[in-house]
Protein chains: 2
Amino acid sequence: MLSYTEENYLKAILHQSESGEAVREVGTNELALSLQLKPASVNHMLKRLKEKKLILNEKYGKIRLTKRGRIQAVGVVRKHRLWETFLFETLRFSWDEVHEVAEQLEHIQSEKLISRLDEFLNYPRVDPHGDPIPRPDGKIPKVSARHLSLIETGQSGIVVGVRDTSSTFLQYLENLSIRMGTRIKVLNRVDYDGSVELRIGRRTSVVVSEKFASNVLIG
Amino acid sequence: MLSYTEENYLKAILHQSESGEAVREVGTNELALSLQLKPASVNHMLKRLKEKKLILNEKYGKIRLTKRGRIQAVGVVRKHRLWETFLFETLRFSWDEVHEVAEQLEHIQSEKLISRLDEFLNYPRVDPHGDPIPRPDGKIPKVSARHLSLIETGQSGIVVGVRDTSSTFLQYLENLSIRMGTRIKVLNRVDYDGSVELRIGRRTSVVVSEKFASNVLIG
DNA sequence: TTATTTTGTTAGGTTAATCTAACTTTTTAT
DNA sequence: ATAAAAAGTTAGATTAACCTAACAAAATAA
Ligand SMILES: [Mn+2]
Ligand SMILES: [Mn+2]
Ligand SMILES: [Mn+2]
Ligand SMILES: [Mn+2]
């Protein structure tokens, strides 16, 4: 059985190595940054994870999850996203509140709890941020979606997710009345810096940065 | 903010000191036994709890919760019992499965989570074992109930709780088809050892020990 | 290709929470 | 009133997870 801490490391490795499209290799410093720890601490833990055959890592080399490690990590992500869905759907938490609590709940150890929760929620495919919820067998459903920053001028679509879960971002969305299912049309794009002008629902237009647009998923 | 471990100690002190009717004082060894730890470990932690003004304890003396300590302990019990109710009512866990998982869930830190859970469950007054769920202000509703072992011969009543939450006990209940709300009539009592003959629901009679009977609450 | 920067490792410490073994104080029984 | 038993304490170790500071290797730039 893995400790709370080990689970957090594995999840961080998974997220770093599978963020974006391709499968990247992860380094000690990078991991330390994402876990808000010092490289020395991470280095120490990596040894333990290697001994437990959860990761592959040669001295001065990059980190990869073993099959076993990936299964564990995906399991934590599954729990995290199911709990987020529960908090959002059942307990009516707002979009930007679910993550912090799910960060704790994801470590509860009970197979039955998770399978019953999944059943209770009616086997959701995505969490409140639009991220896919891994199945019990570890398969992660494909969620087809494009970044808002890549939608052509004049086209529109429905918000199906976000790529940033920080509360500043989510609160900004809230202020703009953008949520899951909101229809957005790209009215215009500024070549200079990639800013885009949007119509949100049927409201008047707003301009947002490319950074912002690249964190909104349209499906 | 208290650690997982500190919360478990406070809860154990609360349970030991307020088990049964009167308010008893608790000792180091007793506490060690109930937490499945060694007295030396408990002794060490008691110092920290005292420093944090959560308990009162003089050298070689007994342990009592301070006001602050009791509030914390009751808070943990509230969370434990709300989660047990959730597992039982919402996720259809069985009577004897809820405790173990609630033991973990009780440590999740989020005021909002608990108040929303309470609301979702429609403000239950008792948990699946018939134990009262403390209110947010720390008040514990009185649940009027008598031990089955004290019911007079010929009388009957409804099961409203249990005093033992071990899984051997709860599984025995399950086997006897005794659950919350079951009607039980005391048909006969053996003077020699306090064993009682019961009719459970409208089924034929069974004989149970006094020990067993003293752990079933009739209201 | 050498110097600089970035990345990763090692050594040595700290804190929380546990343990065993030895000791002291208090309580209970004779 | 003493001896034995029970209850509680202390000392010293261990383990997981973190830290800082110093160092070594690898990657990058001049
Ligand atoms: Mn976490
Ligand atoms: Mn999410
Ligand atoms: Mn617990
Ligand atoms: Mn209970």
Side-chain angles (χ1 to χ4, degrees), chain A residues 1-17 19 24-65 69 72-73 76 103-104 106-109, chain B residues 1-17 19 24-65 69 72-73 76 103-104 106-109:
Chain A
M1 183 111 60
L2 301 183
S3 72
Y4 182 107
T5 312
E6 288 167 329
E7 289 193 340
N8 279 339
Y9 273 86
L10 292 181
K11 189 170 63 125
I13 296 168
L14 181 72
H15 282 142
Q16 297 295 313
S17 63
S19 74
R24 294 176 37 253
E25 298 206 301
V26 191
T28 307
N29 283 350
E30 189 186 352
L31 203 52
L33 205 70
S34 84
L35 286 165
Q36 314 212 75
L37 298 171
K38 301 298 163 183
S41 310
V42 169
N43 193 265
H44 187 68
M45 175 59 89
L46 291 179
K47 289 198 176 132
R48 301 192 55 244
L49 294 176
K50 193 184 171 187
E51 270 167 25
K52 291 197 176 187
K53 296 195 200 303
L54 293 161
I55 61 168
L56 301 168
N57 174 228
E58 287 145 40
K59 217 181 192 182
Y60 293 102
K62 296 295 179 182
I63 304 151
R64 274 187 312 150
L65 292 169
Q72 296 292 321
V76 178
E103 204 56 46
Q104 297 178 61
E106 72 188 359
H107 301 289
I108 302 292
Q109 310 274 190
Chain B
M1 183 109 63
L2 301 184
S3 73
Y4 182 106
T5 312
E6 289 168 329
E7 289 193 340
N8 279 338
Y9 274 87
L10 292 180
K11 188 170 65 124
I13 295 168
L14 181 72
H15 281 142
Q16 297 295 313
S17 62
S19 74
R24 292 174 39 251
E25 297 206 301
V26 191
T28 308
N29 283 348
E30 189 186 352
L31 204 52
L33 204 71
S34 85
L35 286 164
Q36 313 212 75
L37 298 171
K38 300 299 164 182
S41 310
V42 170
N43 194 265
H44 187 67
M45 175 59 89
L46 291 179
K47 288 198 177 132
R48 301 192 54 244
L49 294 176
K50 194 186 168 183
E51 270 167 26
K52 292 197 175 184
K53 296 196 200 303
L54 294 161
I55 61 168
L56 301 169
N57 174 228
E58 286 145 41
K59 217 181 193 182
Y60 292 104
K62 297 295 179 180
I63 303 151
R64 273 185 315 151
L65 292 169
Q72 295 292 320
V76 178
E103 204 56 46
Q104 297 178 61
E106 71 188 359
H107 302 289
I108 303 292
Q109 310 273 194

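In the text below, chain A, chain B and the rest are named by the order of the sequence lines, each starting its count at 1. Only heavy atoms go into these numbers, but all of them, side chains included; no hydrogens, no water, no symmetry mates.
- Taking only side-chain nitrogens and oxygens, B:Lys62 never comes nearer than 4.0 Å to OP1 or OP2 of D:dA7.
- In this structure, CG of A:Asn57 is placed 13 Å from P of D:dA26, rounded to the nearest angstrom.
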Which atom pairs, one a donor and one an acceptor, fall under 3.5 Å between side chains of residues 49-56 of chain B and the rest of the protein, sequence neighbours left out?
unit_1, atom_1, unit_2, atom_2, d
B:Lys50, NZ, B:Asn57, O, 2.9
B:Lys52, NZ, B:Glu6, OE1, 3.3
B:Lys52, NZ, B:Glu6, OE2, 2.9

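- Considering OG of B:Ser17 and NZ of B:Lys62, their distance stands at 12.5 Å, rounded to 0.5 Å.
- Atoms CD (B:Glu51) and P (C:dT15) sit 12 Å apart, rounded to a whole Å.
- Both A:His44 and A:Tyr60 lie near DNA chain D, and the one whose nearest nucleotide falls closer to the 5' end is A:His44.
- The distance from atom CD of A:Glu30 to atom C1' of C:dG8 is 13 Å, rounded to the nearest whole Å.
- Regarding contacts with the backbone of C:dT18, a side-chain N or O of B:Tyr9 is found under 4.0 angstrom from either OP1 or OP2.
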Side chain to side chain contact (heavy atoms under 4.5 Å, CB included), that's the test. Do A:Gln72 and A:Leu65 meet it? Break it down for me. CA-CA 10 Å; A:Gln72 296 292 321; A:Leu65 292 169; over 6 Å; no
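- Here A:Arg64 contributes atom CZ and A:Glu58 contributes atom CD; the two are 8.5 Å apart, rounded to the nearest 0.5 Å.
- Of the candidates D:dA17, C:dT10, D:dT10, the closest approach to any side-chain atom of B:Lys47 belongs to D:dT10.
- With rounding to the nearest 0.5 Å, the separation of OG in A:Ser41 from CD in A:Gln36 is 13.0 Å.
- Following rounding to the nearest Å, B:Met45 (CE) and C:dC19 (C1') show an atom-to-atom distance of 14 Å.
- Interatomic distance, CD of A:Gln109 versus OH of A:Tyr4, reported as 12.0 Å (0.5 Å rounding).
- As a whole-Å value, the separation of B:Tyr4 OH from C:dT15 P is 24 Å.
- Considering only side-chain N and O atoms, A:Arg48 lies under 4.0 angstrom from the phosphate OP1 or OP2 of D:dA17.
- A sub-4.0 Å separation between OP1 or OP2 of C:dT10 and a side-chain N or O of A:Lys59 is present.
- Although no hydrogens or angles enter the test, the distance criterion places a donor-acceptor pair under 3.5 Å between the side chain of B:His107 and the main chain of B:Glu103.
- For the pair B:Thr5 and C:dA16, the criterion of a side-chain N or O lying under 4.0 Å from OP1 or OP2 is not met.
- Between the P atom of C:dT26 and the CD atom of B:Glu25 lies a distance of 15 Å, rounded to the nearest Å.
- Rounded to an integer number of Å, the gap from CG of A:Asn29 to P of D:dA26 is 15 Å.
- DNA chain D is contacted by B:Pro39, B:Ala40 of residues 32-42 of chain B, taking any non-hydrogen atom closer than 4.0 Å.
- As rounded to whole Å, 14 Å separates atom P of D:dA7 from atom CG of B:Leu31.
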